[in-house]
Amino acid sequence: MLHGLLGGGFLQDGQHRVLSVVRTAIGKHFELMVGESRTSGRELVQQLMLDSVTQEHPRVLFPRDTLTRYRRLFQKGNADRGEEMCDALLQAVAFYEFLFNNS
């Protein structure tokens, strides 16, 4: 689960503004759910990386030097490390989209 404390309004009204995102919400957001289980987001992340260099307005924009490094990590790294990287990226993208597409 990812939690984010939003804004600096606590001093004015004493209320925290928090966005919490559970793993299943991320899976649903990216249509990675099969029943109650979340499937791998690896193919989706690879598509996001490809879109970053082929589309004019990609969903995620990777700097070229970072993109090259990430591709090498996917090729060299073990499967668990790749899945962790994918999960982290999808969590960040979903968090951003939940925050800014629902405001």
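Positions are given from 1, in the same order as the sequence printed here.
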- Message: Quick check for you: to the nearest 0.5 Å, what is the distance between Leu48 atom CG and Leu90 atom CG?
- Response: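 Leu48 CG to Leu90 CG: 7.0 Å, rounded to 0.5 Å.
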- Item | Gap between atom SG of Cys86 and atom CD of Gln46 - 0.5 Å precision |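 These two atoms lie 7.0 Å from each other.
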- side chain to side chain donor-acceptor pair (under 3.5 Å) with Thr68: which residues, sequence neighbours excluded?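 Side chain to side chain donor-acceptor pair (under 3.5 Å) list for Thr68, sorted by chain: empty.
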- Task: Would you mind listing every salt bridge (charged side-chain N to carboxylate O under 4.0 Å, His left out) that reaches into residues 25-36, with sequence neighbours excluded?
- Result: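 Passing the test, one end in residues 25-36: no pairs.
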- Query: Under 4.5 Å between side-chain heavy atoms, hopping through other hydrophobics if needed: is there a path connecting Val21 to Met33?
  - Reply: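 No, Val21 does not connect to Met33 through the hydrophobic network.
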- Could you state whether Val22 and Val34 fall into the same hydrophobic cluster, counting links through intermediate Ile, Leu, Val, Met, Phe, Trp or Tyr residues with side-chain heavy atoms under 4.5 angstrom apart?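 The answer is no; the residues belong to distinct hydrophobic clusters.
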- Got a sec, which pairs hit ring-ring contact (aromatic ring centres under 6.0 Å, His included) with one end in residues 19-50, sequence neighbours left out?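 Non-adjacent pairs meeting ring-ring contact (aromatic ring centres under 6.0 Å, His included): His29-Phe98.
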Give the table of side-chain donor-acceptor pairs shorter than 3.5 Å for residues 55-65, with sequence neighbours excluded, one pair per line with atom names and distance.
residue, atom, partner, partner atom, Å
Arg59, NE, Glu97, OE2, 2.7
Arg59, NH2, Glu97, OE1, 2.8

- Task: Using salt bridge (Lys or Arg N to Asp or Glu O under 4.0 Å) as the criterion, list what pairs up with Arg69, not counting sequence neighbours.
- Result: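 Applying salt bridge (Lys or Arg N to Asp or Glu O under 4.0 Å) to Arg69 gives none.
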- Query: At their closest point, which heavy atom of Arg38 faces which heavy atom of Gly41, and how far apart are they?
  - Reply: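 So the minimum-distance heavy-atom pair works out to NH2-N, 4.1 Å.
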- Query: Should Leu89 and Met49 count as side-chain neighbours, where that means a heavy-atom distance under 4.5 Å?
  - Reply: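 No. Closest side-chain heavy atoms not under 4.5 Å.
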- Item | Qualifying residues under side-chain contact (heavy atoms from CB on, under 4.5 Å), relative to Gln47, sequence neighbours excluded |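 Applying side-chain contact (heavy atoms from CB on, under 4.5 Å) to Gln47 gives Leu50, Asp51.
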